[in-house]
Every structure is written in C-alpha cells, then in structure tokens.
Amino acid sequence: MSTHIGAKEGDIAPTVLMPGDPLRAKWAARTFLDDPVCINEVRGMLGFTGTWRGHPVTIQGSGMGMPSLSIYANELIRDYDAQTLIRIGSCGAMQTDIAVRDVVLAMTASSVGNPSRAMLREIHYAPHADFGLLRAAHEAALRRDTTPHVGGIYSSDTFYDERPDLHEQMVRHGILAVEMEAAELYTLAARHRRRALAVLTVSDHLVTGEDLPAIEREQSFGEMVEIALEAAFA
Ligand code: ADE
C-alpha cells in the first residue's frame, strides 16, 4: 500500500493508463481489459488491473489537475515501480484546424507552473513525451479513422481561467489544446526515467465554443484508450 493507493505489492502493472475521472477508469477497464480487478478504492480514486492482449495493464484515476496527478504518478512510480504512464483524457482545442472528437498527442506540455516547478528553480524545463510512445501512438491513430494532431499542449492550473490574454498567447504560439495534467506527468517521468505520453480527445473548443455532448465523449474516449494500449505495447 502507498499513502493514497490501497493496492498490494504486485497488484499494479508496469503499464498504467491514467484518466482523470475514476469512473472512466472503471468503464475503460471493463470495456477493454480482460478479467479486470479493482485494486484501489481509496478516496474513490478507482484503479483496476487486468490484461489487454495478454499484457498486464492498470487503469488508475489521477483526479483533476497537476497536484492530484502528481500524488498518483509519484506513488505509482516510487511505490509500485510503474514504467509506462499514459494519460488518457479530454482537452479543449485552441486551433481552428482542430475539431471536437479529434485526437491530440501531446509532444510537449507547457505550463505557468507545475508541482515540480520549485525544484527546477530558474530553469524553464520543457516537459516532453517519450518519443517511442509518441511515434507508436501516432501510428496507431493513423491506422484508424482518426485525425491525430501532434504538437505542444498547455497544462493549465485553472479550468475557469480569467486570463483570456494568456490563452491568446498560447494560441499565437501554436499550442494545440489545453488540459490540466500532462506537464507534471512528463516532468515526473523524466525525473524517474519512465515513459510517459498524453493521448487526448478534444471535448470542447476554446475558439469556436463547440462542446461535445456527454454521450459522444464516451465513444471518442474509447478510441483514445485503444490508441494508448496499442502504443504501450507496440
Ligand atoms: N479539459 C477539457 N477541456 C478543457 C478546458 N477547456 N480547459 C482545461 N482543461 C480541459
């Protein structure tokens, strides 16, 4: 057991998918894994371990925002020796050539700050995905009827951002989309020499104001899980 994860030693697979929402972890595990077993219920942040095409896989909720993800990713790495951590989640598109339902593969994740920021002091570290995972996810996305966008995203600390000028600057600098977790995941993975990637589905559009209905979110979420699994075991 770790502080926030109740799983026993050996209950967590070397490959972990991390949706923000614990109920999505449950849905994804029941939909895509064989013989899923619930390995964590602490604070309702559900985690499941099963197999995918014979490979052991854990799907563990991360919660929303970098401080929450940081707790789970730290414990998965330090206490359970997770090797590959893939965030699967939603994002808000920031470019007009990206549509809702599209898949975004985050090559880099910029942020104003993340829980690792203080440690890096004056260095503006560039959090980045594992190239092998990124390439494999891109290939997996191309194999299906999906438009994968690959590039930089922005990991925000605030969903209800009252600094529209900041978003403007992100758009201007070619940032594809905004979410709230990847920058910390990439920084932790780099520090501990693990592989990390964020596979995201566009749920809303900051420029057009479009929003994906809840029912469709689930459908496009499934595609993202498959891309993440194929990338992890490519
Ligand atoms: N995740 C999905 N949509 C988002 C948005 N608009 N801002 C931050 N995180 C998001």
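Atoms considered below: every heavy atom in the structure, side chains included; atoms not considered: hydrogens, waters and symmetry mates. In listed order, ligands and their atoms are each counted from 1. Along the sequence shown, residues are numbered consecutively beginning with 1.
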Would you please classify the geometry between the Phe233 ring and the His55 ring as parallel, tilted or perpendicular, with 30° and 60° separating the classes?
parallel

As a test of reading the model: which residues have a non-hydrogen atom less than 4.0 Å away from ligand 1?
Ser90, Cys91, Gly92, Phe159, Val178, Glu179, Met180, Ser203, Asp204, Leu206

Can you find a side-chain donor-acceptor pair between Glu223 and Thr146 that sits under 3.5 Å?
yes

Between the side chains of Ser116 and Arg191, does any donor sit under 3.5 Å from an acceptor?
yes

Nearest heavy-atom contact between Met66 and Ser155 is CE-O, 3.6 Å

I'd like to know if Arg163 pairs up with Asp161 as an ion pair, taking the criterion as any Lys NZ or Arg NE/NH1/NH2 lying under 4.0 Å from an Asp or Glu carboxylate oxygen.
yes

NZ/NE/NH1/NH2 to OD/OE distance under 4.0 Å, Arg135 and Asp130:
no

